[in-house]
> 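Following this message is one structure expressed as structure tokens.
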Amino acid sequence: MEKLKNLFKAKADAQAAELKELLKEHGTKKIGEVQLAQAFQGMRGVTGMVYETSLLDSNEGIRFRGFSIPELQAKLPKAKGGTEPLPEGIFYLMLTGEIPTDADVAELSAEWRKRSPIPTHAFKAIDALPPDTHPMTQVMTGILCMQTDSVFAKEYAKGANKKDYWSYVYEDSMNMIASLPQVAAYVYRRKYHGGKTIAPDPQLDWGANFAHMLGYDTEGFRELMRLYMTIHADHEGGNVSAHTSHLVGSALADPYLSFTAAMAGLAGPLHGLANQEVIKWIFAMQKDLGVEVPSKEQIETYVKKMLADGKVVPGYGHAVLRKTDPRFTAQMDFAKKHMPNDPAVKTVWAIYEAVPPILQSLGKIKNPWPNVDAHSGALLVHYGMKEYEFYTVLFGVSRALGVQAAQIWSRALGFPIERPKSVTIQNVKDWLAGKDEIWE
Ligand SMILES: CC(C)(COP(=O)(O)OP(=O)(O)OC[C@H]1O[C@@H](n2cnc3c(N)ncnc32)[C@H](O)[C@@H]1OP(=O)(O)O)[C@@H](O)C(=O)NCCC(=O)NCCS
């Protein structure tokens, strides 16, 4: 796969040269102001990092290298007989900025197949955990243990030239992405199928092989995995998992370390864990109401009580997006095509009708619309994957594509260690009283 690496190198060299000139000429221009409230409120709206692989428009949703999700669905290569994009394609696009050909994607599939061996101690470490340990903890353990194979860590210890860092991060990223489906499937089979693992099928593409190792061999589930792995891959740089990867990687922690950290962030219920929360909530609502598909009116009453009890509606709202998430829409379109009469899917759609006006009426929620997590669980349940604690792992395997492509870029462009300034409340109070400055 030297071709992809060489293509990246040529693009990165050109970009680095351009960036040097750009910063020389415009480096002192202001790109924003930070208000006091923003420092206390999660730095919303503070533009302070560069992350190459995707950009979020708060109304239109995510664009990967300028392409929207519907555009990607049309342009990226598909499996033979399939209609969903192959995840290999989105990685190639994020890394190079170019839409790959069928041959490029086939080459990448073959490369990842070749790179997938995993050190046995990673499986042993997972086996040392109680089987009912949350799948995210088990998978993070496996990834962390693969760190012993880090090319970056070994080369750094030998005294690598900083101009070559990106190359070792590239090698680690490719190896890790290749291995992740097997580690994740191992955890799934261990936790839910008595440890009966399924060997990889060398004929399959990365997404289909993941489906196969999990134990789902229908064409429908393979297509779902390809779509799922594509649309969850990246969401610009400021979200918790991407930002964590960016931050930890900036300390030159190798990709196994930085990705484990990113996965820990993804395991938070306000971030990636929301997808398990959504289906858990739907199951609870179905049980409480005693119906398989609750009506819009029943959902309205149920949700109003939840809000009165101080709970959040999982799968709704977003820190940046202000419209229905196109990743939700892509999954809704998939459901319309493959399973329009599925009860969990119909419940998701009834929630979509009932919830936004209620959230809007509260007057404080900036985005009453569904996000990516509002739909994914219902699709998985349809194919029989009801073990919702595993859902965030699927999200994580996909997220590796985006954050690792971004990290290869960060090292190639020589981005330094990230270190924003913080202040104390006392410093703020003294500044407001005219007794001190805000420390810079
Ligand atoms: C995603 C999320 C964390 C964004 O948070 P945020 O940027 O602080 O959102 P907002 O600025 O709109 O929040 C304003 C208020 O509305 C509340 N709110 C936001 N989304 C809500 C939801 N889905 N249900 C109930 N209340 C919600 C917030 O808790 C906050 O309340 P507060 O002022 O009493 O603290 C938030 O919308 C949420 O918790 N959603 C549910 C979890 C989820 O789906 N996460 C996955 C995101 S991809």
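Each ligand, and each atom within it, is numbered from 1 in the order the structure gives.
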> Do the charged groups of Arg222 and Asp217 touch, with an N to O distance under 4.0 Å?
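Salt bridge flag = yes for Asp217 with Arg222.
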> Sequence neighbours excluded and cut-off under 3.5 Å, please list the side-chain donor-acceptor pairs for residues 136-143, or say none.
residue : atom : partner : partner atom : Å
Gln138  : OE1  : Arg190  : NH1          : 2.8
Gln138  : NE2  : Pro131  : O            : 3.2
Gln138  : NE2  : Thr133  : O            : 2.9
Thr141  : OG1  : Thr137  : O            : 2.7

> Taking only residues two or more places apart in sequence, or in another chain, which ones meet Arg189 in a side chain to side chain donor-acceptor pair (under 3.5 Å)?
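Here no residue qualifies.
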> Enumerate, one pair per line, all nitrogen or oxygen atoms of ligand 1 lying under 3.5 Å from a protein nitrogen or oxygen, stating the separation to 0.1 Å; write 'none' if no such pair exists.
residue  : atom   : partner : partner atom : Å
ligand 1 : 7 (O)  : Arg44   : NE           : 3.4
ligand 1 : 7 (O)  : Arg44   : NH2          : 2.9
ligand 1 : 8 (O)  : Arg44   : NH2          : 3.4
ligand 1 : 11 (O) : Lys366  : NZ           : 2.7
ligand 1 : 12 (O) : Lys366  : N            : 2.9
ligand 1 : 23 (N) : Val313  : O            : 2.9
ligand 1 : 23 (N) : Tyr316  : O            : 2.8
ligand 1 : 24 (N) : Val313  : N            : 2.9
ligand 1 : 31 (O) : Lys364  : NZ           : 3.3
ligand 1 : 34 (O) : Lys364  : NZ           : 2.8
ligand 1 : 40 (N) : Tyr316  : O            : 2.9
ligand 1 : 44 (O) : Gly315  : N            : 2.8
ligand 1 : 44 (O) : Asn371  : ND2          : 3.0
ligand 1 : 45 (N) : Leu270  : O            : 3.2

> My understanding is that only residues two or more places apart in sequence, or in another chain, count here; which of them pass side-chain contact (heavy atoms from CB on, under 4.5 Å) with Ser295?
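Applying side-chain contact (heavy atoms from CB on, under 4.5 Å) to Ser295 gives Glu297, Gln298.
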> Centre of Trp409's six-membered ring, under 6.0 Å away, within 45 degrees of the axis: is that where NZ or CZ of Lys11 sits?
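Pair Lys11/Trp409 does not count as cation-pi.
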> Look at the aromatic rings of Tyr388 and Phe283 and report parallel, tilted or perpendicular, splitting at 30° and 60°.
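Correct class here is tilted.
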